[in-house]
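Here is the structure we will look at, set down as structure tokens.
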Amino acid sequence: MPTIRRHALRRYAAIGLLACAASWAPIASAQSQPPQVVIDSTGFDFYSAYPVSDSQWRGPAFTTGTVPTRITEITLGLANTDPATTALLRLFQLDGSTELPTGAALASATLPIVVPNDGANLNANTYTAAQLGSIPNTTLLAGTKYALMVSSPSGGYIGLSDNDGPSNAYTFAGGFSTSAAGYVQTLDAGSTWTQNDQVTPAIKLTVVPVDDPIVVPPTAPTPVPTLGAVGALSLVSVMGWLGLRRTRKSAG
């Protein structure tokens, strides 16, 4: 009889421990990851620039990695002659075949040029998420081609700094890669687009992975998994007592 009683208690204790573990296990968790620089072409001696205006838009093109991301910081080499002249930065998705923009811009930001590039050296301007308008709120899909286009809405002179050749001289990370020879431009405000395969614009792009959504089960959990530690111990006690009663009744 003692052997039968111990087996019953062990069985019901195991049930209680499983219930307790289930009540503590999270349904899902989204782990935040640090930002990563995925494109960088700021390590050269920059002494050239293409002008941008209200109709001439230019900028770097790239292909994203294997996970969705969002932009958290952008560094650009920009020059102007009037400190009041601001740049407009637009994010475009590119066609997978032509590698040129299709449709309207996905997001945009107005950028002040605090430190103009002097031509011989890169005096880069870095813009954080708080300065990038709607761009940080736009998810970059995995394995998709995009371009960041710089223009001057007022028509005042702005130069987008480059390395004066060669093209596509980027350092990539995080699975990012090139697209459209690394440089896209339009001379007529987006009516027609071409690739520039002569130079590499100065940019440093920082992104952060987009966390997977937490998946919530469609139905409520059963009462047993939701028991707390005290409830689980109570269940063990009750079930053990019932098992002891059954054992004694059988023995009788």
Side-chain angles (χ1 to χ4, degrees), residues 34-62 64 69-92 101 105-138 140 146-165 167-174 176 178-180 182-186 189 196 198-208:
Q36 180 181 18
V37 175
V38 292
I39 303 174
D40 191 1
S41 58
T42 60
F44 301 93
D45 293 328
F46 291 85
Y47 50 89
S48 181
Y50 272 100
V52 299
S53 65
D54 55 342
S55 59
Q56 298 183 58
W57 310 346
R58 309 179 193 274
F62 55 90
T64 56
T69 53
R70 288 182 181 168
I71 295 172
T72 60
E73 188 173 279
I74 298 175
T75 296
L76 291 168
L78 301 172
N80 63 0
T81 54
D82 182 356
T85 302
T86 58
L88 177 62
L89 183 66
R90 296 181 177 95
L91 173 66
F92 284 91
L106 302 177
S108 63
T110 299
L111 306 179
I113 303 174
V114 180
V115 185
N117 184 27
D118 63 8
N121 300 288
L122 179 65
N123 299 323
N125 290 261
T126 296
Y127 305 97
T128 64
Q131 300 169 292
L132 290 173
S134 56
I135 292 176
N137 298 324
T138 303
L140 304 181
Y146 294 93
L148 288 163
M149 306 303 301
V150 180
S151 65
S152 174
S154 68
Y157 171 77
I158 292 178
L160 177 60
S161 303
D162 61 66
N163 65 345
D164 203 34
S167 64
N168 253 327
Y170 299 105
T171 298
F172 292 104
F176 276 57
T178 190
S179 178
Y183 200 160
V184 171
Q185 60 189 17
T186 176
N196 183 327
Q198 303 298 312
V199 299
T200 303
I203 183 175
K204 182 184 290 185
L205 182 67
T206 304
V207 303
V208 64

| query | Which atoms form the tightest heavy-atom contact between Val38 and Gly174, and what is the distance? | reply | CG1-CA, 4.4 Å
| remark: Heavy-atom closest pair (Ala87 atom, Leu78 atom, distance to 0.1 Å) is CB-CD1, 4.3 Å
| query | So which of Arg90, Gln56, Arg58 actually passes side-chain hydrogen bond (donor to acceptor under 3.5 Å, both in side chains) with Ser151? | reply | Arg90
| message | Parallel, tilted or perpendicular, judged at 30° and 60°: which one describes the rings of Tyr170 and Phe172? | response | tilted
| Are any of the side-chain heavy atoms of Asn163 and Ser41 separated by less than 4.5 Å? | no
| task | Check Ala105 against Phe92 and note the closest heavy-atom contact, atom names and distance. | result | N-CE2, 3.5 Å
| field | Over all atoms of both residues, closest heavy-atom pair of Leu132 and Pro136 | value | O-CD, 3.3 Å
| query | Considering only heavy atoms from C-beta outward, does the side chain of Val207 approach that of Thr64 to under 4.5 Å? | reply | no
| remark: Between Pro153 and Asp54 the two heavy atoms that sit nearest each other are O-CB, 3.7 Å
| task | Taking the side chain as every heavy atom from C-beta outward, state whether Tyr127 and Ile135 have any atom pair closer than 4.5 Å. | result | no
| query | Do Pro201 and Tyr183 have side-chain heavy atoms sitting under 4.5 Å apart? | reply | yes
| task | Verify, without hydrogens or angle tests, whether Asn125 (side chain) and Val115 (backbone) share a donor-acceptor contact under 3.5 angstrom. | result | yes
| field | side chain to side chain contact (heavy atoms under 4.5 Å, CB included) evaluation trace for Asn196 with Tyr50 | value | CA-CA 11 Å; Asn196 183 327; Tyr50 272 100; 3.5 Å; yes
| query | What is the minimum heavy-atom distance between Gln131 and Thr126, and which atoms define it? | reply | OE1-O, 3.8 Å
| message | Go through it in stages, so that I can follow the logic: the residues are Phe62 and Leu148, the test is side chain to side chain contact (heavy atoms under 4.5 Å, CB included), and I'd like the CA-CA distance, side-chain angles, deciding distance and then a yes or no. | response | CA-CA 9 Å; Phe62 55 90; Leu148 288 163; 4.1 Å; yes
| request: Could you check if a side-chain atom of Pro51 sits within less than 4.5 angstrom of a side-chain atom of Tyr157, using non-hydrogen atoms only? | output: yes
| query | Are the side chain of Ser134 and the backbone of Ser108 linked by a donor-acceptor contact shorter than 3.5 Å? | reply | yes
| Any side-chain heavy-atom pair from Pro60 and Ile39 closer than 4.5 angstrom? | no
| field | Distance (rounded to the nearest 0.5 Å) between Tyr146 OH and Thr138 OG1 | value | 9.0 Å
| said: I need the Gln36 CD to Thr69 OG1 distance, nearest 0.5 Å. | reply: 10.0 Å
| task | Carefully, step by step, assess Leu88 and Thr110 under the rule side chain to side chain contact (heavy atoms under 4.5 Å, CB included). | result | CA-CA 5 Å; Leu88 177 62; Thr110 299; 4.1 Å; yes
| Roughly how far, to the nearest 0.5 Å, is CG of Asp164 from CG of Asp45? | 11.5 Å
| Nearest-0.5 Å distance, CG of residue Leu91 to CD1 of residue Ile74 | 8.0 Å
| Just wondering, do Leu122 and Phe44 contact through their side chains at under 4.5 Å, heavy atoms? | no
| CD1/Ile158 to CD1/Ile113 distance, rounded to the nearest 0.5 angstrom? | 4.0 Å
| Can you tell me how far CG of Asn80 sits from OG of Ser152, rounded to the nearest 0.5 angstrom? | 8.5 Å
